[in-house]
Amino acid sequence: MAHDATPSPATARRSDSLRGTARVPGDKSISHRSFMFGGLASGETRITGLLEGEDVMRTGEAMKAMGARIEKHGGEWIIQGVGNGCLLEPEAPLDFGNAGTGSRLTMGLVGTYDMKTTFVGDASLQSRPMARVLNPLRQMGVQVLDAAPGDRMPLTLRGPKTAAPIEYRVPMASAQVKSAVLLAGLNTPGITTVIEPVMTRDHTEKMLRGFGANLEVETDAEGVRHIRIEGQGKLSGQTIAVPGDPSSAGFPLVAALIVPGSDVTIENVLMNPTRTGLLLTLQEMGGDIQVLNPRNAGGEDVADLRVRGSELKGVTVPGDRAPSMIDEYPVLAVAAAFAEGETLMQNLDELRVKESDRLAAVARGLEANGVDCTEGKDSLAVRGRPGGKGLGGGTVATHLDHRIAMAFLVMGLAAERPVTVDDRAMIATSFPEFMGLMTGLGALID
Ligand code: S3P
């Protein structure tokens, strides 16, 4: 799965109205956790709808390297887990490629084991901060050996004989940090507590309970969540149907909004309220998006989204909405480039430590394509041009970031001139079907 050193550019051109019905691949967050928790739990876990993107496959390989059996039969993944507390020391470094979620959650999962585990990744992952996960793990007794400067990968963890439970207040809005501490708590005697001042995606809490963990969530008068997990309990295999990824759905959604005359339905999209910030914002911008057939599937809300070409207007996105749409700002910025007036996005400091510095990458990409925008320390203001007049004609540096590549390809579908991205390869990390799905709706991308 290593990527060729030769980049593979892609160009999107102004397209006629997009039409049709599509399903986006399974949610990335839930897919990672399905492999991890299934690999850890006793007995069999069966998964349908799994995202078969490179990031998730790396997590699967890591779980196999630590003793889980994972096989695909037809459309179903079947896992025989090792049992909580029974992961084996991997014989070789675990290579997480581009995946922040896979690597950070796995550091939590195995850090408290009395064994050595080495984590490696690609250039993007090796540039990302890991101290946010390593610091609470250190408090639990985990030693960090051979980390690259600034607590970066490659690094090796060595767990204690017995880990110490902690109470940890998560200092930034990060589901990965929250999850890493909770997963470390699974192999720690007693109660590990995570205090979460700003709620982030809650898939770890929901799924761990589904697997049988003794986990309680209490929200205090200030809205701060106190999540307590009892360690060393039994986890049992589950049957999981992974819903469509709302972060991936954002690309055809915005494409259909900005290409005039479009009418697209995206089926079976996860509607967990910790993930619907983009939908809400696009509706506030005047986007014609209907939420159809809302239903519950396997403990999560899902729905079909019907979206039609719309005249958008700029809005100020409330800063406290950032955690529920953190991965969607690149494509929101593209929508804003076609809206009338200014769209202001704030509280974006976490965007600087994603697969790339997404705030800078988006601003540079917009500028290269004639969009008037202002990059602040943790904000972005975009002044749009309805109809895309004068936009496009630029090449965007994607910096090994799948969402930068997909967002700017969406831009090219409605801009006056084509938009080129310097490398399409990373799209396979989260949305391998992107090109086929988009061209199937009528998008001109090659
Ligand atoms: C994720 C959490 C978010 C998000 C990432 C997936 C998860 O990261 O950006 O794509 O599955 O827990 P942070 O925890 O760094 O915000």
Side-chain angles (χ1 to χ4, degrees), residues 24-37 50-51 53-56 58-59 96-109 121 124-125 127-136 153 168 170-184 194 196-208 225 227 242-243 245-251 270 272 274-278 300 320-332 347-359 361-362 378 400-404 406-407 426-427 429-431:
V24 291
D27 185 67
K28 184 152 76 77
S29 295
I30 295 180
S31 295
H32 277 299
R33 289 161 173 81
S34 298
F35 264 167
M36 279 180 201
F37 304 166
L50 186 92
L51 164 64
E54 291 177 5
D55 279 11
V56 174
R58 301 273 180 165
T59 293
F96 283 95
N98 193 247
T101 306
S103 55
R104 291 193 176 124
L105 267 60
T106 305
M107 286 177 197
L109 191 69
S124 157
L125 188 54
S127 73
R128 298 182 68 183
M130 294 297 150
R132 52 181 55 202
V133 169
L134 301 179
N135 287 341
M153 288 164 61
Y168 191 70
V170 184
M172 67 290 287
S174 169
Q176 292 177 359
V177 176
K178 162 178 70 177
S179 302
V181 179
L182 291 173
L183 297 182
V194 175
E196 189 182 42
V198 178
M199 184 169 181
T200 61
R201 66 193 69 197
D202 59 354
H203 308 303
T204 298
E205 298 92 299
K206 279 184 154 176
M207 291 178 70
L208 279 181
R225 299 173 83 234
I227 310 161
V242 183
D245 193 326
S247 302
S248 298
F251 300 107
L270 174 69
N272 179 312
T274 64
R275 303 288 301 280
T276 48
L278 176 71
E300 287 287 7
D320 62 4
R321 197 177 287 166
S324 68
M325 54 181 295
I326 194 66
D327 291 335
E328 282 69 81
Y329 283 102
V331 79
L332 176 66
N347 195 18
L348 304 185
D349 40 339
E350 281 294 304
L351 284 197
R352 299 234 179 247
V353 290
K354 294 296 177 188
E355 284 82 332
S356 67
D357 174 347
R358 276 191 184 151
L359 190 39
V362 168
D378 65 349
L400 295 176
D401 189 329
H402 53 133
R403 297 200 201 278
I404 298 299
M406 289 186 279
M426 303 317 290
I427 293 174
T429 61
S430 71
F431 196 166

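Whatever order the structure lists them in is the order used to number ligands and atoms, beginning at 1. All values derive from a computational prediction rather than experimental measurement.
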Q: Please table the atom pairs, donor to acceptor, closer than 3.5 Å between any side-chain atom in residues 170-180 and protein atoms at least two apart or in another chain.
A:
residue, atom, partner, partner atom, Å
Ser174, OG, Gln176, N, 3.3
Ser174, OG, Val177, N, 3.1
Gln176, OE1, Arg104, NH1, 2.5
Gln176, NE2, Thr101, OG1, 2.8
Lys178, NZ, Glu196, OE1, 3.4
Lys178, NZ, Glu196, OE2, 3.1
Lys178, NZ, Thr200, O, 3.3
Lys178, NZ, Thr200, OG1, 3.1
Lys178, NZ, Arg201, O, 2.9
Lys178, NZ, Glu205, OE2, 2.9
Ser179, OG, Arg33, NH2, 3.3
Ser179, OG, Ala175, O, 2.6
Ser179, OG, Thr204, OG1, 2.7

Q: Does a donor on one side chain and an acceptor on the other come within less than 3.5 Å for His203 and Ser29?
A: no
Q: Do NZ/NE/NH1/NH2 and the carboxylate oxygens of Lys354 and Asp401 come within less than 4.0 Å?
A: no
Q: Report yes or no: do Ser324 and Arg275 form a side-chain donor-acceptor pair below 3.5 Å?
A: no
Q: Measure from every N or O atom of ligand 1 to the protein's N or O atoms and keep only the pairs below 3.5 Å, writing each with atom names and distance to 0.1 Å.
A:
residue, atom, partner, partner atom, Å
ligand 1, 8 (O), Gln176, NE2, 3.3
ligand 1, 8 (O), Lys354, NZ, 3.1
ligand 1, 9 (O), Asp327, OD1, 2.7
ligand 1, 9 (O), Asp327, OD2, 3.3
ligand 1, 9 (O), Lys354, NZ, 2.7
ligand 1, 10 (O), Asp327, OD2, 2.7
ligand 1, 11 (O), Ser29, OG, 2.7
ligand 1, 11 (O), Arg33, NH1, 2.8
ligand 1, 11 (O), Arg33, NH2, 3.4
ligand 1, 12 (O), Arg33, NH2, 2.7
ligand 1, 14 (O), Ser174, OG, 2.7
ligand 1, 14 (O), Ala175, N, 3.0
ligand 1, 14 (O), Gln176, N, 2.8
ligand 1, 15 (O), Lys354, NZ, 3.2
ligand 1, 16 (O), Lys354, NZ, 3.1

Q: What are the two closest non-hydrogen atoms of Arg321 and Gly277, and how far apart are they?
A: CD-O, 3.8 Å
Q: Would you check if there is a donor-acceptor pair between the side chains of Asn347 and Asp378 at a distance under 3.5 Å?
A: no
